[in-house]
Amino acid sequence: MPVEPNPPAPAPSDFIRDIVAADVTQKRYAQIVTRFPPEPNGYLHLGHAKSICLNFGIARENHGRCNLRFDDTNPAKEETEYVDSITADVRWLIAGWADHCLGFKPNGASPARTTVNGQSDNYLGPVAPGANSEPFSASSYFDQLYDYAVELIKRGKAYVCDLSPEDTDSYRGAPGRPGKDSPFRTRTVAENLDLYTRMKTGDFPDGARSLRSKIDMASPNMWLRDPLLYRIRHTAHHHTGDKWCIYPLYDYAHCLSDYLEGVTHSICTLEFVDHRPFYNWILEKLGLPRPLPHQYEFAKLNLGYTIVSKRKLLQLVSEKYVSGWDDPRMPTLSGLRRRGIPASAIRAFVTGVGVTKFDSLTEVSVFENAVRHELNAAAQRRLAVLKPVKLVLTNIPAGEILECAATNNPQDANPTTRKIALTREVFIEADDFAEVPPPKYFRLKPGGEVRLKYACIIKCDEVVKNAAGAITELRGTADLTTRAGGPNVDKKVKGTIHWVSASKCVDAEVRLYDRLFNVAEPAAEDDFLKVVNPRSLEIVTAKLEASLAAAKPEDRFQFERLGYFALDKDSPVGPPLAGGPRLIFNRTISLKDTWAK
RNA sequence: UGCCCGAUGGUGUAAUGGUAGCACAAACGACUCUGACUCGUUUUGUCUAGGUUCAAGUCCUAGUCGGGCAGCCA
């Protein structure tokens, strides 16, 4: 379970929270209600995490609520697989932080008809997530949305248009050039009602007609040139099945979904600024009785060397650049989770970048720092050797086991220890030995001394090579007087290296990840697939200290001097078998390395 | 040659007319049985030009630069 940093970070402040605070002060709403409204057409990524933390954060800070709602108005693109993954990812990200704010609806519920101030109204309130509840979805409002459209027609604010999609485009004009009215704009209410009913009953093929708002085809804002409300799609919906052959468009469905759920602050990204007048237009023209929601926009997250676009991430998956949506190199929440990144680190990161209307590019180091910061405090230290070289300590008899106490986490207030075995033969990291050392090399070299962490100081006496000249093993002597409790325990040497006993270790596959893209702004490339890093994954067979055979999937480890590692979901779990299980670890992130080579 | 949004160190972000601060990054140093962590020091900033004001990063005007808008996608 992720632990909040201690002391807790101060409550964030930004221009949207300022607006919310003012609304709270003025008692404008009975309760602050936000929503996170993904379309189920892909997996959630780091960009969504920013939105989730904003919306749930505001709910949490104001004793409010945040509804998870699927914006599922386009059956051609949406699938149940995505509904399930998104729900799981949201719950993982907010677990232990904002679970109590998560709004679901009763299974199968749709808005109930009510009366407010003598006026007919529709409302669907939340319930806590549980056995008999499910996320909200726009598709459960299709009946109400249909009725509201009838009302708009009756009020002369919507009409059925017979223009083809192509003609609709050309009638719309262009930025700087006014559009022109559709020839069907002046249809009578009765005719519109009849045609709209027949759209619903399936009398017309896809694209033959549409229901449009009647606003202003000459508006300088393109989104006010009679934008469409409904289109005909003879396509089954993952949720409503074959019930409908007309589906509402985003702008129409979204504002009304917000209203039906009692949302007060509808927070979205900057590209919807131009849509805001339309959002307000629909709600105002309907003359709804309860307080109306308001839309606010912020800049989406951009991260260096990372793609944050569902469409492009889908391409990486479908064209097999990665193993799936949850490949640990992906910036998806499921990928980051599999990689071993704690939800608390993601929350700390997105909170840290802030909320503004400036289109920025955040450096990856900020994200990496957030991950290391959380893991440094939480991860158990272990010894592991990624690229082993054998070192024979000739003054330790074969079969002798010298126990050493290793600290589990020096960051703890009262650190505990575990026992590790020092034996005649150990493995050390290939990088920790240099036959011809560069300047300021602290590690092992011929004739040199170095400390084996938690054990003792050793000296390299001999370098053994094969016929080809490659090093096959190192031979040296251990100075056992420098062990804990020994007379020379305080002897100083410049270098301390990690190691594992050759006879008391387990093998593991370790997956080493590097950034997925070679350029800071892959999204700006003509073809982002051309800048995929071909060396983003390196697989090694490592030697781990024996205790890691019992690792569990939720454990987080620091392999000392190397980085943070977590068991991969491909790794078999359970007790070690004879011969040992096949362990698979992912490197979450390396330790910061200021030793420039 | 329209409408909308924006601009503070290398990056991100505070300062709500009154001392330009924080984080990351970078450099150097201290500490160290992790070249990690931690700690210390340092470098670097209000897009431009006018205006209002005792006082402007903040308000006004104009410009420059960047982003968004012409899906029956969201």
Side-chain angles (χ1 to χ4, degrees), chain A residues 13-15 18 37-39 41 71-74 76-78 161 163-166 168-170 172-179 206-212 219-225 227-233 246-247 249-251 253-254 268-277 297 299 304 310-311 352-370 372-373 376-377 381 383 406-407 410-411 440-443 450-457 482 484 489-498 558-563 590-596:
Chain A
S13 166
D14 56 66
F15 77 100
D18 290 347
E39 183 187 15
N41 66 344
D71 230 328
D72 53 353
T73 56
N74 185 355
K77 289 186 173 180
E78 297 153 7
C161 181
L163 249 26
S164 68
E166 298 72 33
T168 306
D169 282 352
S170 60
R172 187 155 34 229
R177 198 182 74 235
D206 289 2
R209 289 181 221 264
S210 62
L211 184 72
R212 300 179 69 178
S219 171
N221 180 347
M222 295 296 293
W223 279 97
L224 258 22
R225 322 247 261 224
L228 273 72
L229 268 20
Y230 269 91
R231 79 280 228 186
I232 301 172
R233 285 282 177 279
I246 58 171
Y247 292 96
L249 277 100
Y250 164 82
D251 292 277
H254 202 87
C268 61
T269 47
L270 248 25
E271 65 266 32
F272 293 102
V273 170
D274 290 338
H275 300 225
R276 193 190 330 129
E297 311 88 7
K310 265 196 274 187
R311 191 183 61 78
V353 301
V355 180
T356 67
K357 302 174 87 158
F358 178 66
D359 192 12
S360 60
L361 178 64
T362 299
E363 292 183 346
V364 261
S365 64
V366 182
F367 179 60
E368 293 174 341
N369 177 262
R372 290 192 180 107
H373 182 81
N376 178 48
R381 312 290 124 127
L383 295 184
T407 306
Q411 304 290 322
K440 287 197 196 167
Y441 189 78
F442 299 168
R443 285 108 100 145
V450 81
R451 181 177 284 277
L452 296 187
K453 178 124 189 170
Y454 304 125
C456 61
I457 292 171
T482 59
V489 63
D490 290 329
K491 179 177 174 184
K492 302 292 179 197
V493 282
K494 197 66 184 164
T496 299
I497 64 172
H498 57 277
Q558 182 196 102
F559 293 175
E560 296 213 37
R561 300 211 309 131
L562 294 172
S590 66
L591 248 34
K592 197 151 76 167
D593 184 9
T594 49
W595 163 240

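Here is the naming used below: chain letters follow the sequence lines, and residue numbers restart at 1 for every chain. Just so it is clear, the values below take in all heavy atoms, side chains as well, and ignore hydrogens, waters and symmetry mates.
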- Query: At what distance, to the nearest 0.5 angstrom, does CZ of A:R177 lie from CZ of A:R172?
  - Reply: 11.5 Å
- Message: Applying the Watson-Crick and G-U wobble criteria at under 3.5 Å, what pairs with B:A27? Answer none if nothing qualifies.
- Response: B:U41
- Query: Under the criterion side-chain contact (heavy atoms from CB on, under 4.5 Å), which of A:I232, A:L163, A:I246 is the partner of A:R209?
  - Reply: A:I232
- Going by a 90° cut-off around 0, is B:G9 syn or anti? anti
- Does A:T594 have a side-chain nitrogen or oxygen under 4.0 Å from the phosphate oxygens OP1 or OP2 of B:A36? yes
- Note on the structure: Whole-Å distance, A:F442 CZ to B:C33 P, equals 13 Å
- Item | Plane angle bin for A:F442 and A:W595 - parallel if under 30°, tilted between 30 and 60°, otherwise perpendicular | parallel
List every contact pair, protein side and nucleotides 22-30 of chain B side both N or O, where the distance is under 3.5 Å.
from: B:C24; atom 1: O2'; to: A:S365; atom 2: OG; distance (Å): 2.8

- Item | Nucleotide opposite B:C65 in a Watson-Crick or G-U pair, distances under 3.5 Å | B:G6
- Item | Side-chain N or O of A:T496 closer than 4.0 Å to phosphate OP1/OP2 of B:U34 | no
- Task: Would you give the length of the straight line joining atom CZ of A:R212 to atom CG of A:L249, rounded to the nearest 0.5 angstrom?
- Result: 11.5 Å
- Which part of the nucleic acid, if any, lies within contact of A:Y441, taking any heavy atom under 4.0 Å across all strands shown: a base, the sugar-phosphate backbone alone, or nothing? base
- Message: Distance check needed: B:G35 P versus A:Q558 CD, whole Å only.
- Response: 10 Å
- Query: If you look at every strand shown and take non-hydrogen atoms under 4.0 Å, does A:I497 touch a base, only sugar-phosphate, or nothing?
  - Reply: nothing
- Item | Atom pair distance, as rounded to whole Å: CZ in A:R443 and P in B:C33 | 17 Å
- Query: What is the per-nucleotide protein-contact pattern of nucleotides 69-74 of chain B, from the 5' end, where B denotes a base atom under 4.0 Å from a protein heavy atom, S denotes such proximity for sugar-phosphate atoms only, and - denotes neither?
  - Reply: SBSBBB
- Using heavy atoms to find the nearest nucleotide of RNA chain B for A:K357 and A:R451 separately, return the residue whose nucleotide is more 5′. A:K357
- Query: For RNA chain B, whose closest nucleotide is more 5', that of A:Q411 or that of A:L361?
  - Reply: A:L361
- When rounded to the nearest 0.5 Å, the distance separating CG of A:N221 from CZ of A:R276 is 10.5 Å
- Euclidean distance, atom CZ of residue A:R561 to atom C1' of B:C33 [Å, nearest integer]: 11 Å
- For atom CG of A:L562 and atom P of B:G35, their distance in whole Å: 10 Å
- Query: Salt-bridged, A:K77 to A:E39, with N to O below 4.0 Å?
  - Reply: no
- Query: A:H373 has an atom NE2; how far is it from atom C1' of B:A36, in whole Å?
  - Reply: 14 Å
- Note on the structure: In Watson-Crick or G-U wobble terms, with both distances under 3.5 Å, the base opposite B:U16 is none
- Message: What is the distance, to the nearest angstrom, from the CG atom on A:D359 to the P atom on B:G66?
- Response: 13 Å
- Side-chain atoms of A:V273 come closest, of B:C37, B:U8, B:C4, to B:C4
- Evaluate the ring planes of A:H275 and A:F272, with Trp represented by its six-membered ring, and classify them as parallel (under 30°), tilted (30 to 60°) or perpendicular (over 60°). perpendicular
- Whole angstrom value for the distance that separates P of B:U16 from CG of A:D14: 15 Å
